[in-house]
Amino acid sequence: MNADVAVENTSAIALWNDPTAPVSARVDALIDAMTPEEKTAQLYGVWVGASDEGGEVAPHQHEMEEPVDLDTLLPTGLGQLTRPFGTVPVDPALGALSLARTQARIAATNRFGIPALAHDECLAGFAAWGATAYPVPLSWGAAFDPTLVRAMAEAIGRDMRSVGVHQGLAPVLDVVRDARWGRVEETIGEDPYLVGTIGTAYVQGLESAGIVATLKHFAGYSASRAGRNLAPTSMGPRERADVLLPPFEMAIREGGARSVMNAYTDTDGIPSAADEALLTGLLRDTWGFDGTVVADYFAIAFLKTLHGVAGDWADAGGTALRAGIDVELPNVKTYGAPLTEAVADGRVPEALVDRAVRRVLTQKVALGLLDPDWNPLPAALDAADEDDPSALRGRIDLDGPANRALARTLAEQAIVLLSNDGTLPLDRPRRIALIGPNADEPAAVLGCYSFPQHIGVRHPDTPLGIELPTLRETLAAEFPDAEITYARGTGVDDGDLSGLAEATRLAREADVALVVLGDRAGLFGRGTSGEGCDVATLALPGAQQQLLDGLLDVDTPVVTVLLAGRPYALGRAVGESAAIVQSFFPGEEGTRAIAGVLAGRVNPSGRLPVSVPHGPGSQPGTYLGAPLAHASQVSTIDPTPAFAFGHGLSYTRFEWTDLTVETQETPTDGEFALSLTVRNTGERSGTEVVQLYLHDPVASVVQPVQRLIGYTRLELEPMEARRLRITIPADLASFTGRDGRRIVEPGELELRLSASSADPRLTARVTLTGAERHVDHTRRLHARILQEPTT
């Protein structure tokens with residue numbers, strides 16, 4: 001396969017192909033040589049599907065777009081290939097060959113030999129047929145383990161690079177503001193510090209594998225009104241600055257993310273895709289981001305069709321380009337002929353096109369796509385593979401043992417034990433009644449953006465490509481001596497209770513009843529959780545609460561197990577269930593992890609990344625609220641959760657003692673120092689998650705009652721203790737003041753060392769002294785927490 005292209009008017013290597021020349025010089029030379037049409041061609045993608053026979057990709061016929069003619073488009077070049085693996089089921093090796101052949105054609109067809117940048121989804125694993133389905137991001141948050149999340153992301157990135165993909169559309173850094181929103185499963189949690197640290201770890205892992213990480217959705221998508229997908233966003237500038245923006249800021253500054261995707265929503269009448277102050281003023285001019293901004297799918301066209309701020313396609317394209325969107329995805333609509341014509345007639349300055357294409361080409365140069373030795377074949381293939389594509393089938397394994405081990409470890413760490421009266425772990429039960437719509441459903445562990453749920457459901461005759469054992473199967477393996485009886489009871493959302501009588505009969509005859517409830521992930525109404533699957537209340541879907549209540553009326557202990565994409569109100573189960581085990585779509589190894597927790601083989605260590613509501617109608621609500629957002633005597637609505645953010649139980653016990661505050665006072669540019677001891681006083685090893693919250697009792701603007709500013713996982717053997725030494729910079733007390741600038745104010749603070757947001761164990765009262773201080777995006781973002789062994 002030869003992708004070399006003759007360059008006109010030179011016998012030597014062109015400057016843009018010279019890897020020894022500065023990147024900026026290579027890009028400038030290329031832009032100077034390009035026509036307006038060739039420049040705009042680098043600013044859009046084409047949605048394609050790889051061939052399962054190894055031939056070239058085929059354009060995807062999406063219902064929102066007209067068919068694309070590659071023969072017409074390719075002579076001027078092409079910016080991106082959209083989701084070659086995430087569109088139809090394709091064997092990974094044959095898909096890699098298909099992509100490579102297409103890349104060779106793209107490079108050979110345009111004058112400069114520029115290939116496209118290929119992107120795919122990787123929200124909970126590479127969204128390709130046969131690739132590992134990891135736990136969803138809400139489970140990453142539940143694990144409170146950035147190191148493990150980084151390792152997972154690095155593995156995902158290696159798999160993507162192995163088949164020729166360059167860019168991944170993840171992570172989602174939206175902070176949950178209303179759990180009724182269908183995309184809660186895609187988020188990391190309701191706290192910006194947790195979202196920022198876990199999301200940044202994911203970015204670091206993906207980028208270390210050579211994949212361009214794309215932060216989404218910038219900014220405000222999760223704060224849409226009433227939890228409705230793509231609804232207007234209601235928030236003030238301080239909420240945006242202090243809650244929604246910090247995760248993006250951290251992931252750019254510390255993660256090195258090279259791409260950002262805009263949000264669909266508008267804030268106070270300004271769509272994110274048209275918000276120059278956000279996409280250029282803040283992102284680039286203030287934060288110094290120098291990567292590419294890509295449009296969420298169809299977002300530029302939506303400026304005309306949904307937002308009504310553009311009169312035609314050229315107006316939509318010019319508005320987005322001026323705001324700072326560099327690449328139109330998934331297909332060409334506004335950045336093609338309409339934009340070229342608008343530049344030609346003076347409606348859009350050519351300088352805006354040059355600005356965007358410079359960013360795109362800089363990224364392609366950095367990826368080595370313009371180097372003389374660039375080869376469209378990925379490392380997993382070689383030239384001989386082109387001769388016999390059929391021999392490639394099965395060559396590339398995207399779900400190997402190392403991947404599955406990571407998936408299982410993360411699933412185990414993410415399971416949250418909400419309550420337990422001592423029934424768990426199960427002690428050699430003789431007869432188990434297994435009941436519920438998710439007890440024997442393979443896909444119950446998968447989120448909306450997993451390949452089987454996102455794409456596979458449209459190809460029912462194609463095998464899943466990965467092993468998805470049901471909880472019924474893994475329990476049989478975990479409890480080989482127990483008799484396990486099974487009843488579905490009801491469906492996830494069908495409302496059918498005809499199976500209730502059988503379910504209660506089995507429960508009466510058993511030593512313990514396991515009722516397995518929750519969600520079915522899907523897109524746009526095809527599920528109870530996922531994109532476009534918003535809910536009016538946080539009641540369990542369908543007739544699941546009635547099934548649960550019916551089982552609670554039986555004398556047999558009932559253990560409630562949830563496989564869900566959001567938290568749900570559980571009614572009587574909060575006080576009457578023998579135990580409650582919460583998991584958030586834990587991925588392909590999830591049922592083995594749950595079985596391990598039920599049996600005691602796994603000691604649960606997950607903590608809630610979102611609050612579990614007491615009632616179904618108290619939304620929107622998160623722990624991160626000002627005093628007026630909490631329970632009061634002047635409202636009949638009590639938003640106090642049944643289980644608070646950060647909550648999670650263990651099969652062992654921990655004692656927190658000996659708090660020492662080494663620094664009681666510090667100036668507004670200083671730091672506090674304190675230490676404490678945590679000991680495992682139980683009889684088995686376990687993990688405690690120490691959470692550090694800040695409470696600011698008096699401030700110049702209203703503050704949350706408390707907010708998370710640090711955390712650490714402590715793995716301790718029985719009777720083992722660690723001394724934690726914590727240094728807290730005053731910068732962590734900063735917030736956005738009345739004039740819109742971030743400040744650190746003098747005054748008294750409380751530093752709460754807690755097992756959850758509702759369970760403070762030790763409190764340090766400290767004081768900031770001196771003058772009010774202004775800080776910016778260069779401020780310190782983390783407390784330093786050191787673990788020292790002790791006797």
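Just so it is clear, the structure is predicted and the values come from calculations on it, not from any experiment.
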Using the six-membered ring wherever Trp is involved, compare the ring planes of Y221 and Y264 and label them parallel, tilted or perpendicular (cut-offs 30° and 60°). perpendicular
Determine yes or no for a side-chain-to-main-chain donor-acceptor pair under 3.5 angstrom, with [X] supplying the side chain and [Y] the backbone.
{"X": "S583", "Y": "L562", "result": "yes"}
{"X": "T470", "Y": "E473", "result": "yes"}
{"X": "Q703", "Y": "D696", "result": "no"}

Can Q413 and L148 be said to form a side chain to side chain contact (heavy atoms under 4.5 Å, CB included), step by step? CA-CA 10 Å; Q413 290 192 6; L148 181 58; 3.5 Å; yes
Has H614 got more than 12 heavy atoms of other residues, nucleotides or ligands less than 6.0 Å from its NE2? no
CZ (R180) with more than 12 external heavy atoms under 6.0 Å: yes
Is there a side-chain contact between E750 and P697, using heavy atoms and a 4.5 Å cut-off? no
Side-chain heavy atoms of Y711 within contact of Y693, under 4.5 Å: no
Residues [X], [Y]: salt bridge by 4.0 Å N-O rule:
{"X": "D493", "Y": "R520", "answer": "yes"}
{"X": "R607", "Y": "D191", "answer": "no"}
{"X": "R572", "Y": "D553", "answer": "yes"}
{"X": "R488", "Y": "D494", "answer": "yes"}

Between [Y] and [X], is there a side-chain donor-acceptor contact under 3.5 Å, judged purely by atom types and distance?
{"X": "N603", "Y": "S650", "answer": "yes"}
{"X": "N262", "Y": "S272", "answer": "no"}
{"X": "S757", "Y": "Q706", "answer": "no"}
{"X": "E531", "Y": "Y449", "answer": "yes"}
{"X": "Y568", "Y": "D519", "answer": "yes"}
{"X": "S529", "Y": "R566", "answer": "no"}

T560/S577 under side-chain hydrogen bond (donor to acceptor under 3.5 Å, both in side chains): CA gap, chis, key distance, verdict: CA-CA 7 Å; T560 303; S577 191; 3.0 Å; yes
Is the W140-Y134 ring centre distance short of 6.0 angstrom? no
Checking side-chain hydrogen bond (donor to acceptor under 3.5 Å, both in side chains) for the pair T187/D174: CA distance, chi angles, key distance, verdict? CA-CA 6 Å; T187 73; D174 294 298; over 6 Å; no
List the steps, then state whether side-chain hydrogen bond (donor to acceptor under 3.5 Å, both in side chains) holds for E190 with S611. CA-CA 8 Å; E190 68 182 51; S611 307; 3.0 Å; yes
